[in-house]
Structure formats: structure tokens, C-alpha cells
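When reading the values below, keep in mind they use all heavy atoms of this one structure, side chains included, and skip hydrogens, waters and symmetry mates. Position 1 is the first residue of the sequence; numbering continues from there.
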Amino acid sequence: MPLIDISIARGRTPEQLRALIAGVHEVAASTTGAADENITVIVREVEKDLWSRTNTTITERESAAAGVQETAG
């Protein structure tokens with residue numbers, strides 16, 4: 001009974017999230033042999049200001065990148 005828990009930064013469309021769920025489900029079924037009814041996929045969307053790597057949030061990285069693009073243009 002695979003339980004797949006995905007954390008992803010908020011910002012995808014409902015269609016993108018649905019495609020992610022379908023793709024992960026399909027791979028889980030084909031690689032584990034689990035029946036469809038035994039596969040659970042949970043997608044947790046996390047706000048970009050609550051997701052950090054190297055002590056920098058996604059929001060901060062995006063803001064910095066936007067600033068660089070503005071000065072380059």
C-alpha cells in the first residue's frame with residue numbers, strides 16, 4: 001500500500017497538479033505492482049515564503065532574480 005507524500009511550492013495550476021498526481025500514481029502502480037485502490041498520493045502545497053534552502057526562501061530567490069532581470073533589461 002504505497003503512500004506517496006509530495007511537498008511542492010505553491011504556484012502550479014490545478015491541471016499541473018492533477019498531471020503530477022496521475023504520473024506519480026502510474027509510476028507507483030507499474031513499479032510496485034500495487035492495485036490502484038491501494039495507492040495514495042498526497043500533494044501538499046507550501047507557501048513560497050515558508051520554503052527555504054540555503055537559508056533563502058523561494059520568495060527571496062524569486063525577488064532577487066527579478067531584480068537582476070530588471071537591471072539587465
Separation of Arg18 CZ from Thr13 OG1 (nearest 0.5 Å) = 12.5 Å

Residue list, side-chain contact (heavy atoms from CB on, under 4.5 Å) with Ser30, at least two apart or on another chain = none

In terms of heavy-atom contacts, Leu3 and Ile42 come closest through CD1-CD1, 3.6 Å

Under the side-chain hydrogen bond (donor to acceptor under 3.5 Å, both in side chains) test, residues paired with Asn55 that sit two or more places apart = none

Please report, to 0.1 Å, the donor-acceptor pairs under 3.5 Å made by any side chain of residues 32-39, with sequence neighbours excluded.
| unit_1 | atom_1 | unit_2 | atom_2 | d |
| --- | --- | --- | --- | --- |
| Thr32 | OG1 | Ala28 | O | 2.5 |
| Thr32 | OG1 | Ala34 | N | 3.2 |
| Asp36 | OD1 | His25 | NE2 | 3.0 |

Quick one: pull up OG1 in Thr54 and CZ in Arg61 and give me the separation to the nearest 0.5 Å.
-> 6.0 Å

Taking C-beta and beyond as the side chain, do Leu20 and Ile8 meet within less than 4.5 Å on heavy atoms?
-> yes

Apply side-chain hydrogen bond (donor to acceptor under 3.5 Å, both in side chains) to Arg10 and list each qualifying residue two or more places apart in sequence or on a separate chain.
-> Glu45, Glu47

By side-chain contact (heavy atoms from CB on, under 4.5 Å), which residues pair with Ala9, not counting sequence neighbours?
-> Arg12, Lys48, Ile58

Is Leu17 linked to Val41 within one hydrophobic cluster, defined over Ile, Leu, Val, Met, Phe, Trp and Tyr using a side-chain heavy-atom separation of less than 4.5 Å?
-> yes

Arg44: what forms a side-chain hydrogen bond (donor to acceptor under 3.5 Å, both in side chains) with it, not counting sequence neighbours?
-> Asp5

